[in-house]
Amino acid sequence: MLLPKKVKFRKQQRGTNRGLAIRGSFISFGDYALKSVDRGLLTSRQIEAARKAISHETKRGGKLWIRVFPDKAVSKKPNETRMGSGKSPTDHYAAVIKPGKIVFELGGVTEETARNAFYKASAKLPLKMRFISKE
């Protein structure tokens with residue numbers, strides 16, 4: 001799973017997720033891409049599940065680029081814990097996704113294969129995604 005090697009601060013504030021993605025909104029490496037339509041967080045487990053689905057569908061052919069990295073610490077209190085007593089420890093890491101952000105890119109495969117692979121991968125992700133190709 002993806003997670004940062006080292007972080008400057010142990011716990012992170014939630015922040016806001018407004019606006020559209022300007023960085024990472026164009027295809028840079030491959031021929032086909034999976035682009036986000038919704039906004040939200042992608043956990044490292046979800047990214048890994050989608051990556052496995054793509055590599056299985058393409059039979060490990062072509063080249064896959066993961067354009068997001070989960071570097072936002074998400075904290076969670078244990079079950080059956082009383083309110084208060086400070087902020088909870090980090091539970092997992094997530095990537096902040098804005099509309100228009102490219103999550104995966106794929107090259108070296110046919111369009112039909114890429115479309116099928118990204119369809120399977122988008123089923124693993126909690127956000128609405130769109131298939132796009134380089135034109």
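Just so we're clear, the structure is a prediction, and the values are computed from it rather than from any experiment.
Between Leu42 and Leu127 there is a side-chain heavy-atom pair separated by less than 4.5 Å. Using a 4.5 Å heavy-atom threshold, the side chains of Glu105 and Ser28 count as touching. Taking 4.5 Å as the limit, some side-chain heavy atom of Lys63 sits within range of a side-chain heavy atom of Trp65. Side-chain contact between Asp31 and Leu106 is absent, with no heavy-atom pair separated by less than 4.5 Å. Considering only heavy atoms from C-beta on, Met1 comes within 4.5 Å of Arg45 through its side chain. Counting heavy atoms from C-beta outward, Leu20 and Pro99 have side chains that approach closer than 4.5 Å.
The backbone N or O of Lys77 sits nowhere less than 3.5 Å from a side-chain atom of Thr81 that would complete a donor-acceptor pair. A donor-acceptor pair under 3.5 Å links the side-chain atoms of Ser55 to the main chain of Arg51, judged by distance alone. Checked by atom type and distance alone, the side chain of Lys72 pairs as donor or acceptor with a backbone atom of Arg14 at under 3.5 Å. Under the 3.5 Å distance criterion, the side-chain polar atoms of Ser75 are left unmatched by any main-chain donor or acceptor of Thr90. Gln46 places a side-chain N or O within donor-acceptor distance of the main-chain N or O of Thr43, the cut-off being under 3.5 Å. Not a single donor-acceptor pair under 3.5 Å links the side chain of Lys98 to the backbone N or O of Asn17. Under the 3.5 Å distance criterion, the side-chain polar atoms of Asp38 are matched with a main-chain donor or acceptor of Lys128.
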Full working for side-chain contact (heavy atoms from CB on, under 4.5 Å) between Phe104 and Leu64: CA-CA 7 Å; Phe104 293 104; Leu64 177 69; 4.1 Å; yes

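By the rule that hydrophobic residues join a cluster once side-chain heavy atoms approach within less than 4.5 Å of another member, Ile97 and Leu2 end up as members of one cluster. Both Val68 and Ile54 are part of a single hydrophobic cluster, where members link through side-chain heavy atoms under 4.5 Å apart. Hydrophobic clustering, with ILVMFWY side chains joined whenever heavy atoms are under 4.5 angstrom apart, groups Ile47 together with Tyr32. Ile102 and Phe131 fall into different hydrophobic clusters, where Ile, Leu, Val, Met, Phe, Trp and Tyr are joined by side-chain heavy atoms under 4.5 Å apart, directly or via other members. Val7 and Leu41 fall into different hydrophobic clusters, where Ile, Leu, Val, Met, Phe, Trp and Tyr side chains are chained together by heavy-atom contacts under 4.5 Å.
In this structure, CD1 on Ile132 lies 4.0 Å from CD1 on Ile27, to the nearest 0.5 angstrom.
In this structure, Lys87 places its NZ atom where more than 12 heavy-atom neighbours from other residues, nucleotides or ligands lie under 6.0 Å away. Counting non-hydrogen atoms of other residues, nucleotides and ligands closer than 6.0 Å to CZ of Phe69 gives a total above 12.
Between Arg115 and Glu111 there is a salt bridge, since a side-chain N of the basic residue sits under 4.0 Å from a carboxylate O of the acidic one.
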